[in-house]
Number of protein chains: 2
Amino acid sequence: MKNEVKCPLNYTMNLIGTKWKPLILFHLLDDNLRSGVLQKHIPGISNKMFTQTVRELEKDGLIHRKVYPVVPPKVEYGLTERGKSLETVLRALDTWGLKDSKI
Amino acid sequence: MKNEVKCPLNYTMNLIGTKWKPLILFHLLDDNLRSGVLQKHIPGISNKMFTQTVRELEKDGLIHRKVYPVVPPKVEYGLTERGKSLETVLRALDTWGLKDSKI
DNA sequence: TAACTATATAACTTTTTAGTAAGTTATTGC
DNA sequence: GCAATAACTTACTAAAAAGTTATATAGTTA
């Protein structure tokens, strides 16, 4: 029983239902960001989890990765069209959290 | 670093960002359901995970639990007001999954 | 009296997710 | 030639989430 789709909601959760994924996507809604900058937007994330998470998001076609062949390295991340289509969802989650945390 | 709130989105994910929580909440949007019926709506969930998850949802004030003192037992679950306030979020997640899975 | 019912719990194991700490790369600027 | 840099990788460990199996409850019905 692995990644079996029972309903659309489940499908969505399988794709982005982890600790860091929504957060990373959310911070890319407004701008493309360099790796280091994006990482600084996400306090508490470890180096490993950051790399691992962006790798998965890239594999799933939610973000794209642009490497500039310079030294020291420069890498930029941004949302793909698929990633951008999550905007409504990400804002809904954020908005709910904002309202609820005030109660 | 535990359950630290960095942004509203994070707050929301800490509350409902698990495999089964959104699914259970979603299936209670339309009706209150008996324990067994609700569980049958969620294929693949184990007995333990079902109980554990509804316990947590209840503790967080997202669902309520009504026990009828009969034998064999009868227990009904339904959304609290706080739980109902998640409707927009849950539908957004579901709708996105529906659209995206068709692409 | 023994099986049946719906709900739940407990002990234990496995799997998944996350964290830590160290190392790699290849050029630049001292 | 040696430290500094930004992005990344690797090996290892720890913690959290999920799964499996067995058991409890206590009236009802056969």
Side-chain angles (χ1 to χ4, degrees), chain A residues 1-6 9-10 13-25 27-28 32-60 62-78, chain B residues 1-6 9-10 12-25 27-28 31-60 62-78:
Chain A
M1 194 95 45
K2 205 186 149 104
N3 265 354
E4 204 177 310
V5 179
K6 285 107 187 181
L9 197 163
N10 207 7
M13 293 308 286
N14 281 338
L15 202 61
I16 59 161
T18 68
K19 184 170 179 180
W20 302 112
K21 282 182 185 177
L23 226 40
I24 288 183
L25 294 169
H27 284 289
L28 289 174
N32 291 4
L33 294 175
R34 283 192 70 167
S35 184
V37 176
L38 176 55
Q39 198 168 341
K40 281 189 198 80
H41 280 33
I42 322 253
I45 197 171
S46 69
N47 204 259
K48 183 193 122 179
M49 284 315 294
F50 178 76
T51 306
Q52 190 175 304
T53 307
V54 291
R55 285 285 169 287
E56 282 166 25
L57 291 172
E58 196 192 359
K59 173 178 66 63
D60 290 334
L62 293 171
I63 65 176
H64 58 77
R65 181 165 179 267
K66 183 165 186 192
V67 181
Y68 296 82
V70 295
V71 169
K74 176 176 175 180
V75 175
E76 259 188 23
Y77 292 103
Chain B
M1 195 95 45
K2 205 186 148 104
N3 265 354
E4 203 178 310
V5 179
K6 284 109 187 179
L9 198 164
N10 206 7
T12 308
M13 293 308 286
N14 281 337
L15 201 63
I16 60 162
T18 69
K19 185 170 179 178
W20 302 112
K21 282 181 184 177
L23 226 41
I24 289 183
L25 293 168
H27 284 288
L28 289 173
D31 291 300
N32 291 3
L33 295 175
R34 284 192 68 166
S35 183
V37 176
L38 177 54
Q39 198 168 342
K40 281 190 198 78
H41 279 35
I42 322 251
I45 197 171
S46 69
N47 204 259
K48 181 194 126 180
M49 284 315 295
F50 179 76
T51 306
Q52 188 175 305
T53 307
V54 291
R55 285 286 168 284
E56 282 166 26
L57 290 171
E58 195 192 0
K59 172 179 67 63
D60 289 334
L62 294 171
I63 65 176
H64 58 77
R65 180 165 180 269
K66 184 165 184 188
V67 181
Y68 297 82
V70 296
V71 169
K74 176 177 175 178
V75 175
E76 258 188 23
Y77 292 103

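Everything numeric here is computed off the predicted structure, so don't read it as measured data. So that the names make sense, note that chain A is the first sequence line, chain B the second, and so on, each numbered from 1.
In this structure the side chain of Arg65(B) never reaches within 4.5 angstrom of the side chain of Ile63(B), judged on heavy atoms. The closest side-chain heavy-atom distance from Met49(A) to Gln52(A) is below 4.5 Å. Using a 4.5 Å heavy-atom cutoff, the side chains of Leu23(B) and Ile45(B) are not in contact. A 4.5 Å side-chain heavy-atom check between Leu33(B) and Gln39(B) finds every atom pair outside the cut-off. Using a 4.5 Å heavy-atom cutoff, the side chains of Thr53(B) and Lys19(B) are not in contact.
Remark: P of dT17(C) and CD1 of Ile24(A) are 15 Å apart, rounded to the nearest angstrom. Atom CD1 in Ile16(B) sits about 17 Å away from atom C1' in dA17(D), given to the nearest Å. Taking atom CE on Met13(B) and atom C1' on dA17(D), their separation rounds to 14 Å, with Å as the unit. One can place CG of Asn14(B) at 18 Å from P of dA15(D), the figure rounded to the nearest angstrom. Distance Arg55(A) CZ to dT10(D) P: 11 Å, rounded to the nearest Å. At whole-Å resolution of the value, CD in Gln39(B) and P in dT5(C) are 16 Å apart. Distance, Leu15(B) CG to dA17(D) P: 13 Å, rounded to whole Å. Here the C1' atom of nucleotide dT20(D) and the CD1 atom of Ile45(B) are 15 Å apart, to the nearest Å.
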Give me the distances for all protein-to-nucleotides 26-30 of chain D N/O pairs that come in under 3.5 Å?
none

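In terms of heavy-atom proximity, Thr51(A) sits nearest to Val54(A) at O-CG2, 3.2 Å. Minimum heavy-atom separation, Phe50(A) to Ser35(A): CE2-OG, 3.4 Å. Residues Met13(A) and Pro22(B) come closest through the heavy atom pair CE-CG, 3.5 Å.
Counting any heavy atom pair closer than 4.0 Å across all strands shown, Tyr77(A) reaches sugar-phosphate atoms only and no base atom.
A sub-4.0 Å separation between OP1 or OP2 of dA8(C) and a side-chain N or O of Arg65(B) is present. Considering only side-chain N and O atoms, Lys19(A) lies under 4.0 angstrom from the phosphate OP1 or OP2 of dG19(C).
The stretch residues 46-54 of chain B touches DNA chain C through Asn47(B), Lys48(B), Thr51(B), each having a heavy atom under 4.0 angstrom from the strand.
Side-chain atoms of Lys21(B) come within 3.5 Å of backbone N or O of Leu15(B) as a donor-acceptor pair.
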